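Keep in mind the model is a prediction, meaning the values are calculated, not measured. Just follow the structure's listing: the first ligand is 1, and inside any ligand the first atom is 1.
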Amino acid sequence: MTRWGMVIDTDRCTGCGACVVACHAENNIQTVGEEEAGRGRAMHWIRIERYYEGEFPDIKVRFQPVMCQQCGHAPCEPVCPVYATYHTPEGLNAMVYARCIGTRYCANNCPYTVRFFNWFSPEFPQPLERQLNPSVSVRSAGIMEKCTFCVQRIHDAQDVAKDEEREVRDGEVRTACSQSCPAEAIVFGDLDDPDSRVSELGERARAMHLLEELSTEPSVIYLRGGR
Ligand code: SF4
């Protein structure tokens, strides 16, 4: 069995934001503009959190990319009245947009605040519609959306592997954020494969989960910064 997971090395992250831009491009995420962002309606499936260490002028800034943690015990799943969010056999916390009725119970129950209510029906006037990824739907107003580890890329790789009568190889699937990171801070793979790179990195002493005390069993592992 596969359990898709991610390791993020906070020692490598420089906070450049390339992963955020890549995620927007890959997943047809709209940009809402300054005014709507000021109303708390900004939409980024991955965000870069900043933390400061020390006192001025000896301050160090640390960066922590945060997206849906694809929890093994996901607090968002049992509160959805229409089963629009559910757990896949491969450990993904999936979203069925066509089911969602926008109650936002899931977002209120997510301790990582990585679910976003879509307040808008985005428009992509010509020629901007050409930037859209045809493998990903364009969501309309009234539904929740969030990161699903670029599930369309996972399915593409699985289709190719099936045609070639083999398993998906370690490193064959790269999420948009992982692919675009110039520091190679984000590694994606199968946590159930003991020989995968994510499994090897996840065993390191610096490994941790966000809000471990909640026992959500995230599939995203962070490597603590130590510089
Ligand atoms: S692209 Fe890499 S280095 Fe840049 S903010 Fe994202 S994780 Fe950090």
Pro182 near ligand 1 by a heavy-atom separation under 4.0 Å:
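Yes; Pro182 lies near enough to ligand 1 that a heavy-atom distance drops under 4.0 Å.
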
Just list the side-chain donor-acceptor pairs under 3.5 Å for residues 105-114, sequence neighbours left out, or say none.
{"unit_1": "Asn108", "atom_1": "ND2", "unit_2": "Arg104", "atom_2": "O", "d": "3.2"}
{"unit_1": "Asn109", "atom_1": "ND2", "unit_2": "Pro75", "atom_2": "O", "d": "2.9"}
{"unit_1": "Tyr112", "atom_1": "OH", "unit_2": "Leu210", "atom_2": "O", "d": "2.9"}
{"unit_1": "Tyr112", "atom_1": "OH", "unit_2": "Thr216", "atom_2": "OG1", "d": "2.8"}
{"unit_1": "Thr113", "atom_1": "OG1", "unit_2": "Arg47", "atom_2": "NH2", "d": "3.4"}

When you check the gap from the basic side-chain N to the acidic O, do [X] and [Y] get nearer than 4.0 Å?
{"X": "Arg12", "Y": "Glu184", "value": "no"}
{"X": "Arg41", "Y": "Glu35", "value": "no"}
{"X": "Arg3", "Y": "Asp193", "value": "no"}

For the residue pair Trp45 and Phe116, is the inter-centroid distance of their aromatic rings smaller than 6.0 Å?
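No.
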
Run the side-chain contact (heavy atoms from CB on, under 4.5 Å) check on Glu164 and Asp159 step by step: do they pass?
CA-CA 9 Å; Glu164 296 176 358; Asp159 284 348; over 6 Å; no

Shell check on atom 8 (Fe) of ligand 1: protein N, O or S atoms less than 2.8 Å away are Cys13 SG

